[in-house]
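For reference, the structure discussed in these notes is given below.
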Number of protein chains: 2
Amino acid sequence: MTTAEERETPPARRGGARRAELVALASRLFRERGYHGVGMRTLAEAADMQAASLYHHFRNKEELLLEAIFVVDRDLIADQLPILDGPGTHRERLVRLVRGHVRHIADNRDAWWVAARELRALSPDRFDEVQVYRRRYQHRIAQHLADGVRAGEFDCDDPRLVSLAILDMINGLNEWFDPAGRLTIDEIADRYASLAVRQLTP
Amino acid sequence: MTTAEERETPPARRGGARRAELVALASRLFRERGYHGVGMRTLAEAADMQAASLYHHFRNKEELLLEAIFVVDRDLIADQLPILDGPGTHRERLVRLVRGHVRHIADNRDAWWVAARELRALSPDRFDEVQVYRRRYQHRIAQHLADGVRAGEFDCDDPRLVSLAILDMINGLNEWFDPAGRLTIDEIADRYASLAVRQLTP
DNA sequence: GTCTATAGGGGGATAGAC
DNA sequence: GTCTATCCCCCTATAGAC
């Protein structure tokens with residue numbers, strides 16, 4: 001049982017290191033086998049405990065999924081959007097945003113994988129909750145592009161469409177990025193920032 | 001039971017309209033609830049039959065998934081790659097390819113959804129089989145970009161990376177495209193073709 | 001080609017001891 | 001905070017009648 005107060009605290013602010021470890025473990029397994037493909041018994045075995053013990057840390061399986069997804073969608077807003085309100089030209093701020101976004105993916109690959117694939121496994125209420133974050137991020141970027149156009153710095157016929165195109169381009173890299181591959185993540189971050197700028201250069 | 005000859009025929013060339021109907025139905029349900037989230041009973045009910053009857057049409061559940069994914073990955077190669085060997089400048093051929101790719105997604109949204117999310121639910125052998133198609137498509141596009149650079153038509157430091165960036169941009173639209181939305185699919189196809197060209201214009 | 005029946009296993013979740 | 005034991009349900013797949 002949880003108290004009313006605990007129920008209203010956002011999941012990721014509750015609990016400590018153990019809870020975060022379990023979420024990270026769940027993210028890895030969900031990524032490898034899919035949310036519905038991983039049972040609580042499998043999860044528990046990987047955490048060296050019994051399935052029943054997991055229910056002391058999480059109300060149910062969905063809460064594990066929600067926390068994994070929040071690592072992506074809530075933290076991204078917090079880390080990234082302040083960049084757009086910071087100093088620099090519109091172009092410089094966009095470059096910093098793209099680089100930061102690429103590195104956030106590289107630093108949280110399992111969670112990004114899960115957030116991309118398993119959002120629909122959430123109940124409708126939870127789904128909507130995540131979508132609010134996701135849309136806020138995209139809309140703010142579209143706004144930044146429109147601002148840059150008004151400032152005469154960008155050339156862009158359709159900021160909404162281009163913001164989606166740029167985000168999809170970046171998010172796709174988690175599918176093929178290989179830490180041992182031809183390019184380091186910092187090289188990719190730089191090149192993707194250039195590609196984004198190229199879409200907007202007058 | 002199937003004969004040896006049937007077993008060696010590629011899945012999508014076997015069977016008739018009924019089989020294709022069942023694959024389309026499965027694609028829709030897999031998209032809505034995920035591959036592991038849809039049971040054979042659910043599938044059978046939606047098709048107005050009993051679960052056991054499905055095993056007359058498909059050896060197992062995975063065969064349904066494989067066929068859904070092949071609608072995307074095998075057909076795309078067949079429809080699209082000839083464009084790059086056809087007439088026109090490198091730029092014109094790229095524009096035709098992007099438009100065709102966008103329309104293929106719009107015409108097969110369920111299958112594309114499943115192909116993007118559930119590839120890992122395949123057994124390793126089947127997974128590899130699909131990846132061969134996927135890589136062939138991407139490599140051929142990277143080749144086209146490199147050819148265009150040599151012809152002096154494109155400017156591109158890293159054709160491999162840019163081919164991935166363009167494909168990820170396009171494939172992402174299935175996440176947010178709404179047939180009843182602001183832009184028609186043909187408008188999106190045109191604008192995405194322009195964005196792709198913009199990445200390569202000297 | 002479709003059915004009924006069922007095998008054999010795993011699913012999420014809970015009760016209550018310690 | 002972790003355990004054992006268990007509930008009840010759904011899973012994929014097969015056997016064999018029609």
Side-chain angles (χ1 to χ4, degrees), chain A residues 1-3 6-7 9 11 14-27 29-30 32-69 114 118 120-126, chain B residues 1-3 6-7 9 11 14-27 29-30 32-69 114 118 120-126:
Chain A
M1 273 301 172
T2 56
T3 69
E6 277 168 341
R7 257 201 306 280
T9 308
R14 278 189 284 128
R18 184 81 177 124
R19 195 177 169 86
E21 269 172 41
L22 290 170
V23 171
L25 180 64
S27 297
L29 292 174
F30 290 162
E32 288 169 0
R33 307 183 212 176
Y35 175 69
H36 291 295
V38 180
M40 294 299 267
R41 285 168 181 82
T42 307
L43 215 46
E45 194 185 3
D48 267 317
M49 43 166 62
Q50 294 301 310
S53 306
L54 285 169
Y55 288 86
H56 173 77
H57 300 277
F58 302 91
R59 271 195 296 279
N60 50 41
K61 192 186 173 187
E62 191 190 14
E63 191 173 285
L64 269 162
L65 176 60
L66 184 66
E67 289 214 22
I69 291 177
V114 174
E118 303 288 5
R120 287 261 147 62
L122 292 172
S123 61
D125 283 357
R126 301 303 199 175
Chain B
M1 271 302 173
T2 56
T3 67
E6 278 167 340
R7 257 201 307 279
T9 308
R14 277 191 281 129
R18 185 79 178 122
R19 194 178 170 85
E21 269 174 40
L22 290 170
V23 170
L25 180 64
S27 296
L29 293 174
F30 290 163
E32 288 168 2
R33 307 183 211 177
Y35 175 69
H36 291 296
V38 180
M40 294 299 267
R41 283 171 183 77
T42 307
L43 215 46
E45 194 185 4
D48 268 318
M49 42 165 64
Q50 294 300 311
S53 307
L54 285 170
Y55 288 87
H56 174 77
H57 298 278
F58 301 92
R59 271 195 295 279
N60 49 42
K61 193 186 174 189
E62 191 189 13
E63 191 173 285
L64 269 162
L65 176 60
L66 184 65
E67 289 213 21
I69 291 178
V114 174
E118 303 289 6
R120 286 267 147 66
L122 292 172
S123 61
D125 283 357
R126 300 304 197 176

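Just so it is clear: chains get the letters A, B, ... in the order the sequence lines come, proteins before strands, and each one is counted from 1.
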### Integer-rounded Å distance: dG10(C) P and M40(B) CE
19 Å
### Query
Just to confirm, is there a sub-4.0 Å distance from OP1 or OP2 of dT2(D) to any side-chain nitrogen or oxygen of H57(A)?
yes
### Query
Roughly how many Å is it from CD in Q50(A) to C1' in dC18(C), rounded to a whole number?
15 Å
### Query
Which nucleotide, dC3(D), dT12(D), dC3(C), lies nearest any side-chain atom of A52(B)?
dC3(C)
### Message
For the backbone of S123(B) and the side chain of E62(B), can you confirm whether one donor and one acceptor N or O come within less than 3.5 Å of each other?
### Response
yes
## Note on the structure
note: K61(A), atom NZ; dG10(C), atom C1'; distance rounded to Å ~ 11 Å
### Atom pair distance, as rounded to whole Å: NE2 in H36(B) and C1' in dC10(D)
15 Å
### Query
Do R41(A) side-chain and dG12(C) base share a donor-acceptor contact under 3.5 Å?
yes
### Task
Figure out the CG/P separation between L54(B) and dA13(D), and round it to whole Å.
11 Å
### Query
With nearest nucleotides of DNA chain D determined for H56(A) and N60(B) from heavy-atom distances, which residue corresponds to the more 5′ nucleotide?
H56(A)
#### Entry: Spatial distance of atom CD (E67(A)) from atom CD1 (I69(A)) [nearest 0.5 Å]
11.0 Å
### Message
Whole angstroms only, please: what is the CG-P distance between L65(B) and dT12(D)?
### Response
12 Å
### Query
Whole Å only: how far is the CZ atom of F58(B) from the P atom of dT2(C)?
11 Å
#### Entry: Side-chain touch R126(B)/L65(B), heavy atoms, less than 4.5 angstrom
no
### Message
Less than 4.5 Å apart, side chain to side chain, heavy atoms only: is that true for M49(B) and H57(B)?
### Response
yes
### Query
Between S53(B) and dC3(C), is there a side-chain N or O to OP1/OP2 distance below 4.0 Å?
yes
### Task
Could you tell me the separation between the CZ atom of R19(A) and the C1' atom of dG1(D), rounded to a whole number of Å?
14 Å
